[in-house]
Asker: 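Sharing a structure, written as structure tokens. Questions coming.
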Amino acid sequence: MCGRTACALEPDDICKSCSFNSKTTAKGRQQPVWRDPPGGQKYYPSYNVAPGSHTPVLISSQHYQGELDTITERVIQPMRWGLVPSWHKGDPTNVGYETNNCRAEGMLEKKTYKVPLEKGRRCVVLADGFFEWKRDQGKKQPYFIYSPQDTWIKKENSDLKVKKEPIDPDQNFNVEEEHKEETEDASRKLLMMAGVFDVWHPPDNSAPVYSYSVITVESSPVMSWIHHRMPAILTNDAEIEEWLNFAEVPLRGAVQNIRPTESLQMHPVTTAMGNSRYKSPDCVQPVDLKKPKAPVNSIMKNWLSQPKKEQNDHGLSSPTKSPSKSNSPSMRPSPTKQSKSSNLMMNWLQKGKREPDEDNDSPAKKIKTCDG
DNA sequence: CCAGACGTTGTT
DNA sequence: GTCTGG
DNA sequence: CCAGACGTTGTT
DNA sequence: GTCTGG
């Protein structure tokens, strides 16, 4: 199935990466328009996206008839992951993980999906890739799965960069050839997952909540050794156009594009990304499964050697505050009451036990030294 | 007719 | 809001 | 999806 | 075991 993704590009770069050929040939190449979610919700780029977050979603601008000037045919509307049906009662944040995915096999029968689909609420969920856990004898190994046109290998002494592979003529719908160096990140090939969305209107008449579910299918052979379900991937511009264009492509035709696909690349990644608070770019970096796990100490050193980035309130990678409870890099301590009091308790307990000169090598001390 | 569900996962 | 089960 | 919590009191 | 938070 699909319960975790990465989507780390900035809005502008996502728009660039989603440029498309207008149906009106005279208009030529277009970029979708970015529309921030109503009601102060926001998209934050992240290498570790969990359900409940807002992520960019492509839809037809015809969904905004009368509400919005539609200067292009497509709009990128960040939406909450986890579909909140329009009839939902009560707090929509209480909608559980049950609507993160929509099984293609039953989507035309089930009320939760059928109704929005018949309203044309078909969308394309944008992501750098998604994660899947292979289970084996009680162990779980996460894999990152992404477009075959990307290579998620970090070069030495450089930030995350992407090498372009030879272009598959069947998949060249969003390739930005120019500005090779400066827009290297922007030319990342996003994964396009078919989805269904709905709009929930709160009883107090405040801003509506847009939300989506990722459509899943039985896994294709490239993926089934990891997991038996996979998201429905749209692999060229014709498929994307048919899925988005609800006004001209009826549902029965559009669903022909919902099927298992083969053109994917994947590699194992660190188990640390299982915790969705871990937002390091390492989430998508390959790990060698033959090697024994790196000792915590070296992970810590690696983290300390990362260049400090600007203050980031949304935890992309560089913690700027002392991670008093967190025992691994790039974690942010929970701001909840419970954690706060737990921290205080733990600190107090440790202080009480500790001998003055005992712990020269403790991670906490190293962090403090570094920050100071 | 009304009441109650509306969904997915993995595991045994 | 709409469908299913009783 | 996974990880982590799951609780109450009185006092500053 | 089950729910919440991310």
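The chains referred to below are lettered A, B, ... by the order of the sequence lines, with proteins before strands, and numbering in each begins at 1.
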Asker: Please report the distance, rounded to the nearest Å, between NE2 in His201(A) and C1' in dG1(C).
Answerer: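 Distance check: His201(A) NE2 to dG1(C) C1' gives 13 Å.
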Asker: Using atom P of each nucleotide, how far apart are dC1(D) and dG10(B) to the nearest Å?
Answerer: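 dC1(D) and dG10(B) have their P atoms separated by 6 Å.
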Asker: Can you check the distance between dG5(E) and dT8(D), where both ends of the measurement are the C1' atom (answer in whole Å)?
Answerer: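 Roughly 22 Å separates the two C1' atoms.
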Asker: Side chains of His267(A) and Tyr146(A) only: does a donor on one sit below 3.5 Å from an acceptor on the other?
Answerer: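 Yes, side-chain donor-acceptor contact under 3.5 Å.
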Asker: What nucleotide, of dT8(B), dC1(D), dC6(B), holds the atom closest to the side chain of Arg103(A)?
Answerer: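 My answer, after comparing the listed nucleotides, is dT8(B).
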Asker: Parallel, tilted or perpendicular: which one describes the rings of Trp133(A) and Phe131(A), with boundaries at 30° and 60°?
Answerer: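 Geometry flag for Phe131(A) against Trp133(A): tilted rings.
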Asker: Rounding to an integer number of Å, can you tell me how far Glu109(A) CD sits from dT8(B) P?
Answerer: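 Spelled out: CD on Glu109(A) to P on dT8(B) is 11 Å.
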Asker: State which of dC1(D), dG6(E), dT2(C) makes the closest approach to the side chain of Trp133(A).
Answerer: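 Among dC1(D), dG6(E), dT2(C), the one nearest the side chain of Trp133(A) is dC1(D).
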Asker: Tell me whether the rings of Phe197(A) and His63(A) are parallel (<30°), tilted (30 to 60°) or perpendicular (>60°).
Answerer: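 Perpendicular: the ring planes of Phe197(A) and His63(A) meet at over 60°.
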Asker: Counting the atoms with a prime plus P, OP1 and OP2 as sugar-phosphate, which does Asn100(A) contact under 4.0 Å by heavy atoms, base, sugar-phosphate, or nothing?
Answerer: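 The answer is base, as Asn100(A) lies within the cut-off (heavy atoms under 4.0 Å) of a base atom.
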Asker: For His227(A) and dG10(B), what is the distance between atoms NE2 and C1' respectively, to the nearest whole Å?
Answerer: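 The distance from NE2 of His227(A) to C1' of dG10(B) comes to 9 Å, rounded to the nearest Å.
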Asker: Closer than 4.0 angstrom, basic N to acidic O: yes or no for Lys139(A) and Asp136(A)?
Answerer: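 No, no charged N to carboxylate O under 4.0 Å.
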Asker: Under 4.0 Å, heavy atoms only, any strand: does Pro51(A) hit a base, just the sugar-phosphate, or nothing?
Answerer: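 Counting heavy atoms under 4.0 Å across all strands, the contact made by Pro51(A) includes a base.
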Asker: What does His228(A) touch in the nucleic acid at a heavy-atom separation under 4.0 angstrom: a base, only the sugar-phosphate, or nothing?
Answerer: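 Since only primed, P, OP1 and OP2 atoms lie under 4.0 Å of His228(A), the category is sugar-phosphate.
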Asker: Across all strands shown, which nucleotide pairs with dG1(C) by Watson-Crick or G-U wobble geometry, both distances under 3.5 Å?
Answerer: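 Paired with dC6(B).
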Asker: Take atom C1' in dG7(B) and the same atom in dC3(C), then report the distance between them in whole Å.
Answerer: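 Taking atom C1' in both dG7(B) and dC3(C), they lie 15 Å apart.
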Asker: Between dC3(C) atom C1' and Leu108(A) atom CG, what is the distance in whole Å?
Answerer: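 Distance check: Leu108(A) CG to dC3(C) C1' gives 15 Å.
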Asker: Do any N or O atoms from the side chain of Gln77(A) and from the backbone of Arg35(A) form a donor-acceptor pair under 3.5 angstrom?
Answerer: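 Checking the backbone N and O of Arg35(A) against the side chain of Gln77(A), a donor-acceptor pair under 3.5 Å is found.
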Asker: Between Arg103(A) and Glu218(A), is there a side-chain N and carboxylate O pair less than 4.0 Å apart?
Answerer: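 A salt bridge is absent here (no side-chain N lies under 4.0 Å from a carboxylate O).
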Asker: Is Tyr97(A) stacked on the base of dT9(B), with ring centres under 5.5 Å apart and planes under 30° apart?
Answerer: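 Stacking between Tyr97(A) and dT9(B): absent.
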Asker: Need one value for Tyr113(A): base, sugar-phosphate or nothing, where a base atom within 4.0 Å counts as base even if backbone is also close, heavy atoms only.
Answerer: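 The residue Tyr113(A) makes sugar-phosphate contact but no base contact.
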Asker: From C-beta outward on Thr99(A), which listed nucleotide comes closest to its side chain: dC6(B), dG7(B), dC2(D)?
Answerer: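 Nearest to the side chain of Thr99(A) among the choices is dG7(B).
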Asker: Met230(A) has an atom CE; how far is it from atom C1' of dT8(B), in whole Å?
Answerer: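 Distance check: Met230(A) CE to dT8(B) C1' gives 18 Å.
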Asker: Hey, does Ser86(A) reach any base, or is it just sugar-phosphate, or nothing, if we go heavy atoms under 4.0 Å?
Answerer: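 Answer is nothing: Ser86(A) stays at 4.0 Å or more from every strand.
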Asker: Tell me: NZ of Lys110(A) to C1' of dC3(C), nearest whole Å?
Answerer: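 Between C1' of dC3(C) and NZ of Lys110(A): 13 Å.
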Asker: Could you please name the option among dT11(B), dT4(C), dT9(B) that lies closest to any side-chain atom of Arg135(A)?
Answerer: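 So the nucleotide nearest the side chain must be dT11(B).
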Asker: In this structure, how many angstroms lie between the P atom of dG5(E) and the NZ atom of Lys279(A), rounded?
Answerer: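 About 15 Å, once rounded to whole Å.
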Asker: Find the distance Lys134(A):NZ to dT9(B):P and express it as a whole number of Å.
Answerer: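 Interatomic distance, NZ of Lys134(A) to P of dT9(B): 18 Å.
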Asker: Which part of the nucleic acid, if any, lies within contact of Cys102(A), taking any heavy atom under 4.0 Å across all strands shown: a base, the sugar-phosphate backbone alone, or nothing?
Answerer: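 Sugar-phosphate contact only.
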